Amino acid sequence: MIPTGFLQDLLARVDIIEVVGRHVELKRSGANWMGLCPFHAEKSPSFSVTPARQLYHCFGCGAGGDAIRFLCEHTGMSFVDAVGELAQGVGMQVPQEDVSPEERQQRQRLAERRLSLTEALAKAAAHYRQALRRSPQAIAYLKQRGLSGEIAARFGLGYAPAGWHALASAFPAYDDPVLEEAGLVRASRPEAQEVQEAHEAPGPAGASPGSTEPATGAAPRRRYDWFRHRIMFPIRAVGGEVIGFGGRVLDDSRPKYLNSPETAVFSKGRELYGLHEARQAIRERGHALVVEGYMDVVALAQHGFAHAVATLGTACTAEHVQKLLRFTDSIVFGFDGDAAGRRAAARALEAALPHASDLRRFRFLFLPPEHDPDSFVRERGAAALEEAIADAVPLSRQLQAQAAADCDLGSAEGRARMLAQARPLWSALPAGVLQRQLLGELAHAAQMEPAELSALWLPGRAAPARAAARGEGAPPPWRRRAAASTRPMPAASSDLALRLLLRHADWWERLCAEDHERLHELGGEHGALVAWLEGHLLEHGAQTWATLDEALQGHALHAAARRIVDPGSLQDRHEFADLERVLHRLGEAALNAQIAELIAAGRTDREQLDRIAQLRQRANEHKRLAATGAAEGGPHGAASPQEGRENRENRG
């Protein structure tokens, strides 16, 4: 975890004009600098950088933030990598909080290992590109698939020759362990697996590898190339470095596609082929097109669909969706129309549901069963695919169709089964207008009143739903929570808790689930701010108060957040232990309110008295920890990691 204080110092030293200017042509306009926005297509500059505030903002698409966020959003860097690059540029050393020397050394070794792997992979990619130029057969294959030399160069396509040790010409030290760690070579294996390997088309038309084949009984660590006689597709991280490869055979051999194995730099469940190349096109098009194969991505780019990316032989995961949402709020999933495509669509729907907020758009495109995107665009043309994308099924209809699969909606039993299948999908949606509208549509399909289904699925919210159905006015969400709450929290403690979290957003991850729940239960504007902050951190990671302040511009909670943070308190220094103490005070107040309610109920049975005694004991423990936290946390009130864990357990 990078301390917030360091981030604030870093952003104060960094020249945001220099950082942004490396990627955007800027011209001075008064106190600001203006340029064409890199996050959406425009002809007139609406992208403004304000050096006095060290922030950027686009008046066209709303993109904005500090230098760290710019690097993350524009280049696809991780938060840690962006901080590291900026720190290196101004001569600062990124501190590691609560890290032992042994762990620091281990991280350094891991970083060096990753660097050695990416260097080896980059060298292999260059070797494969050179081999493609020398292979008439591979060039003819790509031309047959309709690919131009320009597209092949853009994606860095190459060719792995048929020999079992072709990489030895690129790596004189063929026995270097890095080659095996990078997934470029493999060691000889038991006889049964060697037989299987022989069927992977080691040479043209199944040519024998001759004396270079790893034969049974050979030295146990004898090596040979992982990829042989295949068109090579370099898999790049968002930042552009090669992290793995996909290889496709030139004939009908099996397996048709072969990926790099899992390594320290490559995990196929997290990466998307073509994302590095598609970033700008995704922003310009306004959506990403997700398909299932490397060749689909390259062929679509050839026909003008440069915003396509592909999963790497796995189902679409939540990590894939989250990665794409860094570049766009609209995703189209493209699938073959066969049974396998329908199954893949079901997995993609499940991955998208938790991210389907009211401002995001997910759609599902199903091609005719006889086509994949490559064959479809080559046979029917780009205009037909554009039309198919425009007619893609929205997430709401896909959810209903998936829930109704194999259900006879003409019978009560079929409708009940449809609702049973729909409920876990519907529950995965974030609370909002889309979720509420879908409840009504599912109720209509089941021939029920929305209030009836709401009473079944959301029994705690049934009364408010009925009131809303009668047309009764409703206050904002945080005021409804406050009005419903009979356990008001101390205003000073609530303000301080939110002030600390807004100024030190990275502390949120250090809190336990009980703390998160307690903060959500604050009610009023405090509870609404907690909900907003949690959602923002989930999408963007920890950020400084200046960036959060920018993100809240125009939001109904902006004034409340500014009042709570209090500009006059920005120079105050706080430790994580301060947040722990205020949470103990909130815990004590909540328990005392419960005790008062139980006493007011007037019951004197043994069960009730035992319950009151238990709550009082927990409240006293919170009180003790709140009062002694400074002493227990050391001279500056900073608890040790072990003490912090014990305190968080006691707050439950």
Side-chain angles (χ1 to χ4, degrees), residues 145-147 151 155 233 235 246 248 256-257 268-269 271-325 327-353 355-356 360-399 401-402 405:
R145 299 299 297 261
L147 300 182
I151 286 294
F155 285 90
F233 298 81
I235 301 167
R248 192 199 190 284
K256 182 189 292 186
Y257 288 99
K268 62 183 180 181
E271 303 300 335
L272 287 161
Y273 176 73
L275 181 55
H276 170 72
E277 293 82 1
R279 291 174 302 160
Q280 189 59 34
I282 288 172
R283 293 182 177 120
E284 292 172 357
R285 284 276 192 151
H287 70 269
L289 176 60
V290 183
V291 294
E292 295 184 89
Y294 316 116
M295 191 58 74
D296 292 331
V297 170
V298 178
L300 288 172
Q302 180 71 60
H303 287 82
F305 297 87
H307 59 306
V309 299
T311 55
L312 301 173
T314 67
C316 187
T317 66
E319 286 188 80
H320 289 142
V321 173
Q322 199 163 6
K323 184 168 288 191
L324 284 172
L325 290 174
F327 301 94
T328 180
D329 286 328
S330 179
I331 298 174
V332 178
F333 298 101
F335 300 102
D336 303 349
D338 56 13
R342 297 284 171 179
R343 288 194 297 271
R347 303 288 79 77
L349 175 67
E350 293 169 3
L353 284 171
H355 302 283
R360 289 174 176 158
R361 189 181 185 196
F362 296 93
R363 292 176 289 160
F364 295 79
L365 165 64
F366 295 97
L367 298 174
E370 66 273 15
H371 281 298
D372 56 28
D374 176 17
S375 64
F376 185 89
V377 75
R378 281 193 290 137
E379 181 176 315
R380 301 195 182 184
L385 184 58
E386 290 281 16
E387 184 178 350
I389 292 173
D391 294 336
V393 178
L395 176 142
S396 57
R397 290 218 303 268
Q398 180 63 22
L399 184 152
Q402 190 165 315

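In this text the structure is predicted, and so the values were computed from the model without any measurement.
No donor-acceptor pair under 3.5 Å is formed between the side chain of Asp336 and the backbone N or O of Asp338. In this structure a side-chain-to-backbone donor-acceptor pair under 3.5 Å is present from Arg279 to His276. Side chain of His320 to main chain of Gly269: a donor-acceptor pair is present (N/O by atom type, distance under 3.5 Å, no hydrogens or angles). A side-chain donor-acceptor contact under 3.5 Å links Arg360 to the backbone of His355. For Arg380 (side chain) and Leu385 (main-chain N/O), no donor-acceptor pair under 3.5 Å exists by modelled atom type.
Considering every non-hydrogen atom in both Ala356 and Leu395, the closest pair reads CB-CD1, 4.0 Å. The two residues Ala310 and Val297 have their closest heavy-atom pair at CB-CG2, 3.5 Å. Nearest heavy-atom pair, Leu289 versus Gly334, reported as atom, atom and distance to 0.1 Å: CD1-N, 4.4 Å.
Rounding to the nearest 0.5 Å places CD of Glu319 at 12.0 Å from CG of Leu324. Rounded to the nearest 0.5 angstrom, His307 NE2 and Ile331 CD1 are separated by 12.0 Å. Rounding to the nearest 0.5 Å places NE2 of His371 at 10.0 Å from CZ of Arg378. Distance CG/Leu365 to CZ/Phe376: 7.5 Å, rounded to 0.5 Å. Interatomic distance, Arg347 CZ to Thr314 OG1, rounded to the nearest 0.5 Å: 12.5 Å. Between atom CZ of residue Arg397 and atom CZ of residue Phe364 there is a gap of 12.0 Å, rounded to the nearest 0.5 Å.
Contact check on Arg343 versus Glu292 returns no salt bridge, with no Lys/Arg side-chain nitrogen under 4.0 Å from an Asp/Glu carboxylate oxygen.
Ring geometry, Phe333 versus Phe362: the interplanar angle falls under 30°, so the pair is classed parallel (tilted spans 30 to 60°).
Taking 4.5 Å as the limit, some side-chain heavy atom of Leu399 sits within range of a side-chain heavy atom of Leu353. Phe233 places a side-chain heavy atom less than 4.5 Å from the side chain of Val298.
Geometrically, Arg342 does not engage Phe335 in a cation-pi contact defined by less than 6.0 Å to the ring centre and at most 45° from the axis.
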